[in-house]
Amino acid sequence: MKIDLRTIPDAEVSGIDLMDVDITLPAPEAEPQRQYYFMALLKQQLVPERAKKNGKEFLTACITTFGCQMNARDSEKLVGILEKIGFVEEDSEEADFVIYNTCTVRENANNKVYGRLGYLNGFQKKNPFMMIGLCGCMMQEPEVVEKLKTSYRYVDIIFGTHNIFKFAELIVTRFESQRMVIDIWKDTDKIVENLPNDRKYSFKSGVNIMFGCNNFCSYCIVPYVRGRERSREPKAIIREIERLVADGVVEVMLLGQNVNSYGKNLEQPVTFAELLRKVNKIEGLKRIRFMTSHPKDLSDDLILAMKECDKVCKHMHLPLQSGSSRILKIMNRHYDKEQYLTIVKKLREAIPDIALTTDIIVGFPGETEEDFQETLEVVKQVEYDSAFTFIYSKRTGTPAAAMEDQCDPAEVKRHFDLLLKEVQQISAKKAMALEGKVMEVLAEEQNTQDASLITGRLSNNSVVHFPGTPDMIGKLFMVKLTECKGFYYLGEIAENA
Ligand code: 5AD
Ligand code: SF4
């Protein structure tokens, strides 16, 4: 007897063999059953048919991810669906299905995609069965979609950030219609659980705890392309992590644009600190990371939870953006320099060896020499373990794009170079301070250049290379950091942790 997906409860649907699904019935209306129906249709019928037409045993797919950890996690979900329907992942862009999961946080990210699309068209001419899919933040911009519709007609599927769960259905539509399929949602409050996903690493995984952003920092396009903030239910998060742990995962990275405001909009509100305490209790889980924290929502209780929860890594990524209170106000960040420095002080008092990292933008409209010097001052004072520095990029539609006093590019470049030099000097000094220490390292992968080495990470996120074998991957070891090489360490095992 074939299975009628409409009768299967949400939590059980992921366990069903797609070959057993009755695809002669109409597609269910409810999610995630509806998507599993389309996956079954693809797996049983449409993908093998297309492979046969193409003279191949199976079809291959290649997905390239731009941008942040959120996108990386979204790509794992897309790969999960592709694998489930019978595609085989490959690295080359000569694959039968090439997907770009795009980013639009800065202008150059967009330009990269257009450049690569031209190049892909060459492959498509050689393989008429090749499909090109575009998704992610850039697709949420109407001008981008217009440009693709007129100048890049050879793209097959375009979808945005709110409906990646519909990927299987979109592939079916493309197979059946032979036309460019465009499905962009402006926003949604829908969170579809229990869909497949694939992991890049066997032992660590990102876990979305919330989607979207409500902050509207005046330079940032994210709230426009990722929509309003919505949190997942703690139960769903815990269940996902428990399943991951059962499947060999020892480290999770809790993901959200502003994790510190997690849970505020749930029917039964929960704080991020409370969530951390719950996740910390999961047996078998060894490390918990999270990203990104907004200083304005960082509570004393979160600092306490970080201190108390033994699995939470001693690392906080705390974007500063600017050290000038005047600029921070125009950026709509809702904290000033003093408040930021107070948080840093509290964090260091509670967790003395915590690593602090940050994001800084140089050249925000109206930024003066004095403003820049204040940023430099904060950088010197905080002594970040590392910092991502960005040149301000004008994003159409954001309030900052309409500000008149855009900075002189030569001056911005000069400031950027000065900042980078300062940041690098401080990072090197901070890294050097750990030389000779014995610290806990999670073995993550075989070193790509020297197979006799294993590459792992410290709790503070620094990279360590040490002699070892692939069977050590996913396990914790006490490693002596014998030599600091600037941004990474060479080490040797001191004992099994
Ligand atoms: N220009 C430059 N950097 C930006 N960021 C966000 N928007 C912009 C922009 N328009 C940076 C911020 C953010 C990081 C992810 O990207 O520093 O924290
Ligand atoms: Fe952008 Fe600000 Fe939201 Fe971060 S908090 S995603 S910088 S709007």
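Indexing begins at 1, ligand by ligand and atom by atom, following the structure's order.
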Ligand 2 contact on Pro223 by region, counting heavy-atom pairs under 4.0 Å: side chain
Note the single closest protein heavy atom to [atom], along with its residue, its atom name and the distance in Å.
atom	value
atom 5 (S) of ligand 2	Asn215 ND2, 3.5 Å
atom 1 (N) of ligand 1	Ser393 N, 2.9 Å
atom 12 (C) of ligand 1	Gln321 OE1, 3.4 Å
atom 14 (C) of ligand 1	Asp359 OD2, 3.5 Å
atom 16 (O) of ligand 1	Arg106 NH1, 2.9 Å
atom 2 (Fe) of ligand 2	Cys217 SG, 2.3 Å
atom 1 (Fe) of ligand 2	Cys220 SG, 2.3 Å
atom 3 (Fe) of ligand 2	Cys213 SG, 2.2 Å
atom 4 (Fe) of ligand 2	Gln257 O, 4.4 Å
atom 7 (S) of ligand 2	Tyr219 OH, 3.3 Å

Within 45° cone of [Y] ring axis and under 6.0 Å: [X] NZ or CZ:
X	Y	answer
Arg226	Phe211	no
Lys413	Phe416	no
Lys329	Tyr335	no

Sole residue of Arg73, Arg199, Lys77 in salt bridge (Lys or Arg N to Asp or Glu O under 4.0 Å) with Glu240: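 Exactly one option meets the salt bridge (Lys or Arg N to Asp or Glu O under 4.0 Å) with Glu240, and it is Arg73.
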Aromatic ring proximity Tyr219/Tyr392, centre distance under 6.0 Å: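 Distance test on ring centres: not under 6.0 Å, no.
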Within 6.0 angstrom of Lys311 NZ, more than 12 heavy atoms from elsewhere: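 Enclosed: over 12 neighbouring heavy atoms sit under 6.0 Å from NZ of Lys311.
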Please identify which atoms of ligand 1 are closer than 4.0 Å to at least one heavy atom of [X].
X	value
Arg395	10 (N)
Ile361	3 (N), 4 (C), 5 (N), 12 (C), 17 (O)
Tyr392	1 (N), 2 (C)

Proximity flag Arg226 to ligand 2, non-hydrogen atoms under 4.0 Å: no
Test salt bridge (Lys or Arg N to Asp or Glu O under 4.0 Å) applied to Lys346 and Glu349, step by step: CA-CA 5 Å; Lys346 283 186 190 170; Glu349 272 167 13; over 6 Å; no
Step-by-step side chain to side chain donor-acceptor pair (under 3.5 Å) determination, Thr104 to Glu141: CA-CA 9 Å; Thr104 187; Glu141 292 181 275; 2.6 Å; yes
Ligand-residue contact atoms, ligand 2 with His294, heavy atoms, under 4.0 Å: 5 (S)
Residue portion contacting ligand 1 (non-hydrogen atoms closer than 4.0 Å) for Val105: both
Pairwise side-chain contact, Arg228 with Pro223, heavy-atom cut-off 4.5 Å (strictly under): yes
Any Gln69 side-chain heavy atom under 4.5 Å of Thr292 side chain: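 Heavy-atom side-chain distance check fails, nothing below 4.5 Å.
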Any Ile391 heavy atom less than 4.0 Å to ligand 1: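 So Ile391 counts as touching ligand 1.
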Salt bridge present between Arg239 and Glu193 (N-O < 4.0 angstrom): no
Charged N-O contact under 4.0 Å between Glu274 and Arg277: no
Test of proximity, Tyr219 against ligand 1: N or O pairs below 3.5 Å: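 Yes: some nitrogen or oxygen of Tyr219 is under 3.5 Å from one in ligand 1.
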